[in-house]
Amino acid sequence: MHVQDSHWSSAVATGAAMSAATGNGRADKARTAPLRVDAQRNLEHVLRAAREVFGELGYGAPMEDVARRARVGVGTVYRRFPSKDVLVRRIAEEEISRLTDQARAALGQEDEPWSALSRFLRTSVASGAGRLLPPQVLRVGVVEDHARVPQQRTQPGTGELRLVPEAPAAPEDDAGAAQLLDVVGRLVERARAAGELRPDVSVSDVLLVIATAAPSLPDAAQQAAASARLLDILLEGLRSRPA
């Protein structure tokens, strides 16, 4: 997607230079300026529509649905994103970045470990992040009789989380996911060390809570109420209990 932006900018710059050479630079710049604004506006519409459609229907939703929601032709979507995979990666990158920022804010602004973890969960669920958790982060499998995210397997003897991708991923995807797992891992470790989090709760479980507590319902008020109620129940399940 960044490559597309750079190609588009280069094309505009080249066209302006050629026009200037023929003495019509000012007129052509006036004509090309609205195109730049329109292109940016269309991109914003497409990204907003993609977040809504993928949030409601999952990443399996077709590009045609995104185009209809954005009120643009499907060709416009493909001009910005030459394949669905490119669009999904863009949305996933943005979601990883948003979740990481939310986790860092909770880690840096809350002194109490449990308050930090619960704040992160509430903020993430309220923002609808669970409906857009990137596929490379949330893949649940059964390993050694425990449900966990394969990317978060622990290296023997180290207790260190590492990414174990099930399919080839771009380096930037792995880097973003690794940052998210690292920050959320610190929230989990703090709460566990303080004795406020069940010792068997993992980073995988926290991500599953975000995904589970963000249902997609047709009524916004009902959706918010259901998410808040479900998250309260899940948080109670995460807390440790006196022996």
Side-chain angles (χ1 to χ4, degrees), residues 1 42-78 80-103 120-143 147-152 163-170 172-174 176-178 180-181 184 203-231 233-234:
M1 110 220 87
N42 284 341
L43 175 60
E44 292 170 358
H45 289 334
V46 168
L47 290 173
R48 185 182 304 112
R51 283 189 289 269
E52 292 175 358
V53 170
F54 292 149
E56 295 169 8
L57 305 177
Y59 283 117
M63 294 281 266
E64 289 77 8
D65 285 1
V66 174
R68 278 194 293 271
R69 185 69 63 90
R71 296 184 178 180
V72 298
V74 69
T76 298
V77 179
Y78 277 108
R80 304 301 305 189
F81 303 97
S83 72
K84 181 182 172 182
D85 181 65
V86 174
L87 177 57
V88 167
R89 183 173 293 131
R90 170 69 175 263
I91 299 300
E93 287 174 357
E94 291 181 351
E95 200 59 25
I96 286 176
S97 178
R98 178 165 66 154
L99 283 169
T100 303
D101 288 344
Q102 292 170 349
F120 167 62
L121 288 170
R122 292 188 187 281
T123 302
S124 299
V125 170
S127 69
R131 292 185 294 277
L132 286 171
L133 274 172
Q136 72 266 28
V137 172
L138 188 65
R139 284 199 187 98
V140 179
V142 177
V143 182
R148 60 172 63 181
V149 177
Q151 287 88 340
Q152 298 170 25
L163 293 178
V164 184
E166 292 184 345
E172 61 269 22
D173 293 342
D174 278 350
L180 174 62
L181 296 179
V184 176
V203 175
S204 309
D205 297 321
V206 171
L207 295 177
L208 285 172
V209 166
I210 295 174
T212 303
S216 180
L217 301 175
D219 181 78
Q222 183 183 13
Q223 178 175 292
S227 292
R229 172 64 176 160
L230 184 54
L231 181 55
I233 294 171
L234 293 172

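Fair warning: this is a prediction, and the values are worked out from it, not measured in the lab.
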Between CG on residue L181 and OG on residue S204, distance to nearest 0.5 Å = 8.0 Å
Nearest heavy-atom neighbours spanning V46 and V66 = O-CG1, 3.9 Å
task = Quick one: list whatever passes salt bridge (Lys or Arg N to Asp or Glu O under 4.0 Å) with R229, sequence neighbours left out.
result = none
note = Nearest heavy-atom approach of A70 to A49 is N-CB, 3.5 Å
key: Pairwise distance CZ(R69) to CZ(F54) - rounded to 0.5 angstrom   = 11.0 Å
request  = Answer yes or no: is there an ion pair linking D65 with R68, defined by an N-O contact shorter than 4.0 Å?
outcome  = yes
message = On a heavy-atom basis, which atom in V53 and which in A61 lie closest, and how many Å separate them?
response = CG1-CB, 3.5 Å
query = Where do L99 and L133 land on the side-chain contact (heavy atoms from CB on, under 4.5 Å) test, with the steps shown first?
reply = CA-CA 9 Å; L99 283 169; L133 274 172; 3.4 Å; yes
Which atom of V125 lies closest to which atom of A213, heavy atoms considered = CG1-O, 3.0 Å
ask   = Could you go step by step and tell me if M63 and L87 meet the side-chain contact (heavy atoms from CB on, under 4.5 Å) rule?
value = CA-CA 9 Å; M63 294 281 266; L87 177 57; 3.6 Å; yes
message = Determine whether a donor-acceptor pair (N or O, by modelled atom type, separation under 3.5 Å) exists between the side chain of S127 and the backbone of S124.
response = yes
task = For T100 and I96, indicate whether the former's side chain and the latter's backbone hold a donor-acceptor pair under 3.5 Å.
result = yes
query = Should E94 and R98 be marked as a salt bridge (Lys or Arg N to Asp or Glu O under 4.0 Å) after you check the CA-CA gap, both sets of side-chain angles, and the distance that decides it?
reply = CA-CA 6 Å; E94 291 181 351; R98 178 165 66 154; over 6 Å; no
remark   = Rounded to the nearest 0.5 Å, the CG atom of L47 sits from the CG atom of L43 at a distance of 4.5 Å
request  = Could you grab the distance from atom CD of E52 to atom CG of L57, nearest 0.5 Å is fine?
outcome  = 11.0 Å
query = Which residues pass the side-chain hydrogen bond (donor to acceptor under 3.5 Å, both in side chains) test with E64, sequence neighbours left out?
reply = none
remark   = When rounded to the nearest 0.5 Å, the distance separating CD of E95 from CZ of R51 is 8.5 Å
query = Under 3.5 Å, side chain of Y59 to main-chain N/O of D85, donor-acceptor pair present?
reply = no
task = First locate atom CZ of F81, then atom OG1 of T76, and finally report the distance between them rounded to the nearest 0.5 Å.
result = 12.0 Å
